[in-house]
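Remarks on the structure that follows.
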There are 2 protein chains.
Amino acid sequence: MNADALGALDSAAPGVARPRAPTGEKGRVTRAAIADAATKLFSKHGFAGTSVRAVASDAGTDSALVIRYFGSKEQLFLETMPMIGQFEHITAGALDGLGRRLVDSVLGAQQATQISAYRALVRASDSSLVRQRLVQAQQDMFVTPLAPNLTGPNPELRARLVAAQLSGLLDALAIFPDEAITAADRDVLIELYGAAIQVLIDWPTA
Amino acid sequence: MNADALGALDSAAPGVARPRAPTGEKGRVTRAAIADAATKLFSKHGFAGTSVRAVASDAGTDSALVIRYFGSKEQLFLETMPMIGQFEHITAGALDGLGRRLVDSVLGAQQATQISAYRALVRASDSSLVRQRLVQAQQDMFVTPLAPNLTGPNPELRARLVAAQLSGLLDALAIFPDEAITAADRDVLIELYGAAIQVLIDWPTA
DNA sequence: ACGATCGTGTCAACAGTGTTGACATCGGTC
DNA sequence: GACCGATGTCAACACTGTTGACACGATCGT
């Protein structure tokens with residue numbers, strides 16, 4: 001907020017006197033500690049259920065430092081929560097049996113931390129930045145690689161509907177506690193849901 | 001942290017009784033005003049984005065009364081947010097063309113307040129009570145009416161997967177701002193997604 | 001050697017949240 | 001009138017995200 005008399009040029013420049021991100025060795029260490037604690041606590045208790053002070057305490061530092069290093073709780077969340085993925089190498093592959101492979105891949109992420117991350121992201125989608133991130137991930141993982149390979153009408157719409165089907169499956173795994181699905185035989189799940197997805201992949205074919 | 005709703009046959013307390021839910025006419029009026037304000041604000045700004053004080057102010061009363069009448073913000077949310085529905089009369093109907101009718105019904109709720117309510121509920125599903133409510137609604141609207149009518153193997157699992165597909169479609173409408181789907185031609189959407197759902201309804205049939 | 005500067009950490013404070021308890025006020029019954 | 005329960009008001013609690021002021025240590029120019 002300074003730089004008024006002589007440095008009029010600097011007033012438009014980004015971050016002049018404000019404390020900014022760490023540049024030294026020590027700073028990078030505590031920043032990483034904060035990030036680790038954030039990933040752990042956000043995954044376990046979600047965005048609303050995790051306080052900045054709890055993250056700071058778990059990282060052995062102060063809540064003010066958390067804000068100074070990451071800007072805000074929301075940006076900390078965005079930087080530390082990994083996006084579920086990657087499906088690009090699957091969606092870019094052969095169309096034959098693609099539905100089954102996608103379901104298999106989603107179910108494979110089940111025991112990983114990715115499900116927890118997806119759950120936290122969806123529940124924090126009040127934030128437009130979080131929403132933007134989810135939609136971008138859908139675009140990158142499904143629409144962009146898949147749509148060009150689809151034949152028949154409405155390839156992009158069909159790719160997005162495939163993404164919708166998978167988000168529905170993720171809902172049952174991550175958002176709602178649907179025991180009947182989480183406990184179901186994996187092969188049966190792949191066969192059923194994979195077939196339903198495959199319908200949209202090779203559309204005009206009966 | 002209130003766990004008395006069931007027990008407490010009689011209180012040995014000599015004089016003081018806890019202020020409870022309203023019984024008179026005046027109380028019922030302000031309680032209704034609070035409920036109206038809550039429905040409006042929760043739908044517009046979500047659970048986290050709506051403060052008890054804002055609800056009280058909109059209802060022309062005090063935040064303490066909101067808590068006194070409804071117990072907690074969470075219970076207020078549960079009592080005032082309508083569940084999306086009803087699909088029971090559809091899922092209980094004929095199996096032929098059921099997939100298309102379900103998609104049509106979901107898309108029909110699009111311009112109603114039900115989409116907003118679903119969005120708010122999903123984003124508030126940190127609360128186990130909210131989760132319980134969502135899962136119960138899925139059960140009542142899809143699994144219970146549909147599963148008995150399904151022929152072939154795994155009828156209950158298939159009914160739940162149908163519900164998962166619909167929640168995926170709802171995600172694209174309510175959670176993520178997927179313009180390509182919200183702007184798509186309704187008939188095309190019904191044909192595509194309806195067919196994908198129909199696969200699980202009449203399963204062994206090729 | 002000094003002092004200035006910068007990166008880093010600590011502390012207190014702000015406005016806002018959900019929730020609770022103490023008090024005020026009204027309407028009706030002896 | 002006095003009592004009493006239902007309804008409303010106000011202040012306070014502990015907690016949240018965030019900000020600013022200040023203290024320490026190292027590094028650098030002189």
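All values below were derived from every heavy atom in this structure, side-chain atoms included, with hydrogens, water molecules and symmetry-related copies excluded. Bear in mind the structure is a predicted one, so any value in this text is a computation, not a measurement. Labels below follow one simple rule: chain letters A, B, ... track the order of the sequence lines, proteins then strands, and each chain is numbered from 1.
Rounded to whole Å, the distance from CZ on Arg53(A) to C1' on dT19(D) is 12 Å. The nearest whole Å value for the distance from the CD1 atom in Ile67(A) to the C1' atom in dC11(C) is 16 Å. For the pair Ile34(B) CD1 and dT9(D) C1', the interatomic distance rounds to 14 Å; values are reported in whole Å. Distance, Glu74(B) CD to dG18(C) P: 13 Å, rounded to whole Å. Atom pair Leu65(B):CG and dG21(C):C1' shows a separation of 14 Å (rounding to whole Å applied). Atom CG of Leu41(A) and atom P of dG17(D) are 12 Å apart (whole Å). Counting to the nearest Å, the P atom of dT17(C) and the NZ atom of Lys73(B) are 9 Å from each other.
Residue Thr30(B) has no polar side-chain atom (N or O) positioned under 4.0 Å from OP1 or OP2 of dT7(D). Put simply, Thr61(A) has no side-chain N or O that comes within less than 4.0 Å of OP1 or OP2 on dG9(C).
With respect to Asp104(B) and Arg186(B), a salt bridge is recorded, a charged nitrogen being found less than 4.0 Å from a carboxylate O.
Of the options Val143(B), Leu102(B), Leu157(B), a side-chain contact (heavy atoms from CB on, under 4.5 Å) to Val162(B) is made by Leu102(B) and by none of the others.
The side chain of Ser72(B) approaches dT19(C) more closely than any other nucleotide in the set dT17(C), dT19(C), dT7(D). Checking dG9(C), dT19(C), dG8(D) against the side-chain heavy atoms of Val52(B) singles out dT19(C) as nearest. When each of dT18(D), dC11(C), dG21(C) is scored by its nearest atom to the side-chain atoms of Ala64(B), the top-ranked nucleotide is dG21(C).
Applying the 3.5 Å distance criterion, the base of dG21(C) shares a donor-acceptor pair with the side chain of Arg68(B).
Classified by interplanar angle (parallel below 30°, tilted 30° to 60°, perpendicular above 60°), the ring pair Phe77(A)/Phe42(A) is perpendicular.
Side-chain atoms of Arg160(A) and Gln138(A) form no donor-acceptor pair, as typed in the model, at a separation below 3.5 Å.
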